[in-house]
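Computed from heavy atoms alone, side chains included, the values below leave out hydrogens, waters and symmetry copies. Numbering starts at 1 and runs along the sequence shown. Bear in mind the structure is a predicted one, so any value in this text is a computation, not a measurement. Just follow the structure's listing: the first ligand is 1, and inside any ligand the first atom is 1.
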Amino acid sequence: MIPFLDLKAINQRFEADFQHGFQGFLDTGYYILGNQVKLFEANFARFCGAKHCIGVGNGLEALRLILEGYKVLGSLEEKDEVLVASNTYIATILAIKQAGLKPVLVEANFDTYNFDFNSLKDSISDKTKAIMPVHLYGQLSPMEEISKFAKENNLLIIEDAAQAHGAKNEKGMRAGNLGDAAGFSFYPSKNLGALGDGGAVTTNNDELAEVIKKLRNYGTATKYVNELLGFNSRLDELQAAFLNIKLPMLNVDNERRRAIAKKYISDISNAKITLPKYDGSEDHVFHLFVVRVENRNKFIDFLDRNGIGHLIHYPIPPHQQEALSEFSHLAFPNTEKIHNEVISIPMSPIMTDEEVDMVIEVLNKY
Ligand SMILES: *Cc1c(COP(=O)(O)O)cnc(C)c1O
């Protein structure tokens, strides 16, 4: 049996350091926004090449706090429209709604699993103020085209980088430094995952960073002096300690993910299975290895019979979710087809060559 993702084994690699880190944490007696959070913020900002990193509670709140921060600064106001891909994970859309803004869903492209550019152009109105590209499955969105489009239309770019820690463009710039601000998640299964919830905002904007630092902690810069109507969304001190231990392995892990993806792409040869489009560069960190098949239930049966783990990212598109019934009248044929056909096969930095070969062998027999 090859598991879809063996998180326990991934984290066992760091066990001795985690225990040491936990003891250090206990010894300080300092539990909220301490030195480990500060250290992680410095480490992760440097890693992304961004000027600021602010540790927050999770990925959803990272995205929401960016939008709330721009509202405080006057760059966004309630009911402004935000362009977002219709095939994203629901968190991106929830962040927009929770900030009182209006998500405008944009049809997806089959090759990039990102915006379809013709639909993007058709989706703009005089209320559109921001665009949220999602680096879905670990692949950078086409940021050059998006930046050009954003510039022409005077839009803020907010990256949803929750699946793309470490992804790098041809100029060596990483996710988190490719727009005006970015939201990251450290949910345990992400490429950089905590042992619980965690998230971060990165930005080069000094004012925005300062506002988000206040917003995450009850709107205060000085204890008990509330300047803003804030939130409670702080990166946990212990999770920051674990993330400081794991961050130095991120590049190595991403490199292993890419090597596995390259092997899958070169050796899986089955007309019934559509592989991801990948140019071999570092712009993809393969958070997930997502293929498409026409008769997915039949394929799932086959994987189950052959002991290959799998998951679907995602089975129901946002506009067809009960919670988002306001969008139920809309049709996104590409997005609907993607949600009907995608399936993720095993991908993790600790898969052995034998396991990778076994997945390939099974898929070629389908
Ligand atoms: C995981 C994820 C989020 C949300 O992160 P949480 O930490 O679970 O809140 C947002 N967007 C995308 C694309 C994600 O994959």
Distances for all N or O pairs of ligand 1 and the protein under 3.5 Å?
{"residue": "ligand 1", "atom": "5 (O)", "partner": "Ser185", "partner atom": "OG", "Å": "3.2"}
{"residue": "ligand 1", "atom": "7 (O)", "partner": "Gly59", "partner atom": "N", "Å": "2.8"}
{"residue": "ligand 1", "atom": "7 (O)", "partner": "Ser185", "partner atom": "OG", "Å": "2.7"}
{"residue": "ligand 1", "atom": "9 (O)", "partner": "Gly59", "partner atom": "N", "Å": "3.3"}
{"residue": "ligand 1", "atom": "9 (O)", "partner": "Leu60", "partner atom": "N", "Å": "2.9"}
{"residue": "ligand 1", "atom": "11 (N)", "partner": "Asp160", "partner atom": "OD1", "Å": "3.3"}
{"residue": "ligand 1", "atom": "11 (N)", "partner": "Asp160", "partner atom": "OD2", "Å": "2.8"}
{"residue": "ligand 1", "atom": "15 (O)", "partner": "Gln163", "partner atom": "NE2", "Å": "2.7"}
{"residue": "ligand 1", "atom": "15 (O)", "partner": "Lys190", "partner atom": "NZ", "Å": "2.6"}

| request: For the pair Phe302 and Tyr366, name the ring-plane relationship: parallel under 30°, tilted 30 to 60°, perpendicular over 60°. | output: tilted
| request: Please collect all ring pair (Phe, Tyr, Trp, His ring centres under 6.0 Å) contacts where either partner lies in residues 233-275, sequence neighbours excluded, each pair once. | output: Phe18-Phe242, Tyr264-Phe289
| task | Show your working on side chain to side chain contact (heavy atoms under 4.5 Å, CB included) between Ile273 and Val293 and close with a plain yes or no. | result | CA-CA 5 Å; Ile273 300 170; Val293 290; 4.0 Å; yes
| field | Contacts of His287 that satisfy ring-ring contact (aromatic ring centres under 6.0 Å, His included) - sequence neighbours left out | value | none
| When clusters are formed from ILVMFWY side-chain contacts under 4.5 Å, directly or step by step, what else is grouped with Val106? | Leu83, Val104, Phe115, Phe117, Leu120, Ile124, Ile131, Leu140, Met143, Ile146, Phe149, Leu155, Ile157, Met173, Leu178
| request: Assess whether ring pair (Phe, Tyr, Trp, His ring centres under 6.0 Å) is satisfied between Phe186 and His165, documenting all intermediate values. | output: CA-CA 9 Å; Phe186 307 117; His165 319 68; 5.8 Å; yes
